[in-house]
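Each chain gets a letter, A, B and so on, in the order its sequence line appears, and its residues count up from 1. Predicted, not measured: the structure shown is a model, and the values here were computed from it.
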2 protein chains.
Amino acid sequence: MPTQNSLESPCPVARSAELIGDRWSLLIVRDAFDGVRRFGDFQRGLGVARNILSDRLRRLVEAGVLATRPASDGSAYQEYALTDKGEQLFPVVVALRQWGERHLFAEGEPHSRLLARQSGEPVAFMAPRAADGQVLAPDDTVVKKLS
Amino acid sequence: MPTQNSLESPCPVARSAELIGDRWSLLIVRDAFDGVRRFGDFQRGLGVARNILSDRLRRLVEAGVLATRPASDGSAYQEYALTDKGEQLFPVVVALRQWGERHLFAEGEPHSRLLARQSGEPVAFMAPRAADGQVLAPDDTVVKKLS
DNA sequence: TCAGTCTGGTTTCAAAATGAAACTCATTGA
DNA sequence: TCAATGAGTTTCATTTTGAAACCAGACTGA
């Protein structure tokens with residue numbers, strides 16, 4: 001677990017990074033979007049050590065990204081599901097995915113793809129936009145401190 | 001440095017997470033978008049230990065996210081600048097920022113904001129969209145394995 | 001109903017990563 | 001010329017990670 005601080009940083013990126021800016025948390029959230037709910041399934045899917053998984057799940061639950069609830073299969077066990085807050089990480093995961101797709105695979109190297117369920121077409125590349133829909137490059141933006 | 005593997009994962013999220021899925025790398029990239037270029041400026045700005053910064057910068061350079069070049073101020077030192085590949089992380093950083101803005105600050109708690117330089121208005125909330133511009137919720141998408 | 005198994009952890013311990021501080025060495029500024 | 005600064009590297013103690021063993025409650029089949 002990264003040293004707990006910077007949760008007081010006035011920079012939203014820093015706070016987000018503090019919370020989910022580590023490999024396992026990110027991958028847990030990715031799997032959650034893929035419908036994984038159970039401890040054992042996360043564990044097997046990720047190959048993460050159980051104690052670490054346990055720790056990360058706890059952190060994510062504390063942060064309100066995941067919530068535990070009785071398992072939907074009727075067993076006495078519980079499951080971990082994305083909260084609304086967690087669901088809203090979707091753009092983060094998609095952004096990571098799209099960047100990875102574009103830059104981390106060799107020409108022609110196979111990789112999984114994100115498709116729109118309806119059309120079956122790849123999801124369009126996501127970009128920040130101005131109010132008028134114009135795509136914003138980094139230089140088209142300014143960070144205003146502490147407003 | 002997270003244990004180097006999963007760079008062979010067929011999942012783009014996993015590869016991205018491996019590379020930039022740690023607090024410092026993320027914050028270094030954020031600062032780079034903010035125009036920070038020099039070792040010392042990163043170090044002072046982030047409060048990161050020099051050896052760790054050194055390691056992360058090396059990794060990011062190796063990965064082609066940053067590149068070194070002679071400092072633009074004419075001194076004999078070098079600077080670290082985002083490459084094209086690095087610039088394309090913009091949506092990732094913006095997504096993290098927007099999520100943080102929305103979920104990691106108390107009501108009315110002040111935080112920095114990302115504005116469109118032209119209009120001065122906040123950047124619109126970023127979301128994955130279908131080809132027709134329709135916003136896609138997680139359930140509206142499917143991950144197709146290994147295409 | 002009772003032995004065996006599965007699930008969801010916790011504990012233990014060694015190995016790896018991190019962080020603080022001291023150290024180096026080139027550059028710069030006065 | 002000399003002190004201060006910049007950009008690291010080294011050292012070493014602390015923290016985090018990961019693998020494996022362990023454990024207590026469900027569950028299952030005979």
Undergrad: For the atom pair OG1 (A:Thr141) and CG (B:Leu114), what is the distance rounded to the nearest 0.5 Å?
TA: 4.5 Å

Undergrad: Looking across every strand, which nucleic acid part, if any, lies under 4.0 Å from B:Gln43 by heavy atom: base, sugar-phosphate, or nothing?
TA: nothing

Undergrad: Would you say a side-chain N or O of A:Trp24 is under 4.0 Å from OP1 or OP2 of D:dG18?
TA: yes

Undergrad: Please check if the side chain of A:Thr83 supplies one atom and the backbone of A:Gly64 the other of a donor-acceptor pair under 3.5 Å.
TA: yes

Undergrad: Remember a base hit wins even if backbone is also touched, and classify B:Tyr80 as base, sugar-phosphate or nothing at under 4.0 Å, heavy atoms.
TA: sugar-phosphate

Undergrad: Quick one, B:Lys145 and B:Cys11 - any side-chain contact, counting heavy atoms below 4.5 Å?
TA: no

Undergrad: List, with names and distances, any nitrogen or oxygen atoms from the protein found under 3.5 Å away from nitrogen or oxygen atoms belonging to nucleotides 20-25 of chain C.
TA:
residue: C:dA20; atom: N6; partner: B:Asn51; partner atom: ND2; Å: 2.9

Undergrad: Taking 4.0 Å as the cut-off, does a side-chain nitrogen or oxygen of A:Gln78 come that near to OP1 or OP2 on C:dT7?
TA: no

Undergrad: Could you run down the sub-3.5 Å N/O contacts of the protein with nucleotides 23-30 of chain D?
TA:
residue: D:dG25; atom: N2; partner: A:Tyr77; partner atom: OH; Å: 3.3
residue: D:dC27; atom: OP1; partner: A:Ala76; partner atom: N; Å: 2.7

Undergrad: Please state how far atom CZ in B:Phe42 lies from atom C1' in D:dG8, giving the value in whole angstrom units.
TA: 15 Å

Undergrad: Tell me which one of B:Glu101, B:Gln98, B:Arg113 satisfies side-chain contact (heavy atoms from CB on, under 4.5 Å) with A:Pro12.
TA: B:Glu101

Undergrad: Ignoring hydrogens and geometry, is there a side-chain-to-backbone donor-acceptor pair from B:Arg15 to A:Leu104 under 3.5 Å?
TA: yes

Undergrad: Would A:Leu66 and A:Ile28 satisfy side-chain contact (heavy atoms from CB on, under 4.5 Å), going step by step from the backbone distance to the final call?
TA: CA-CA 10 Å; A:Leu66 298 176; A:Ile28 287 168; 4.1 Å; yes

Undergrad: How close or far is atom C1' of C:dG9 from atom CG of A:Asp41, stated in whole angstroms?
TA: 15 Å

Undergrad: How would you list, by chain and number, every residue that makes a salt bridge (charged side-chain N to carboxylate O under 4.0 Å, His left out) with B:Arg102, sequence neighbours excluded?
TA: none

Undergrad: For the pair made of CZ in A:Arg58 and P in D:dT16, what is the distance, rounded to whole Å?
TA: 13 Å

Undergrad: Any side-chain N or O of B:Ser54 less than 4.0 Å from the OP1 or OP2 oxygen of D:dT9?
TA: yes

Undergrad: Mind calculating the distance between CZ (A:Phe39) and P (C:dG8) to the nearest angstrom?
TA: 8 Å

Undergrad: Between B:Arg69, B:Arg37, B:Arg38, which is the residue that forms a side chain to side chain donor-acceptor pair (under 3.5 Å) with B:Glu79?
TA: B:Arg69

Undergrad: Find the distance between CZ (B:Phe33) and CG (B:Leu89) and round it off to the nearest 0.5 Å.
TA: 6.0 Å

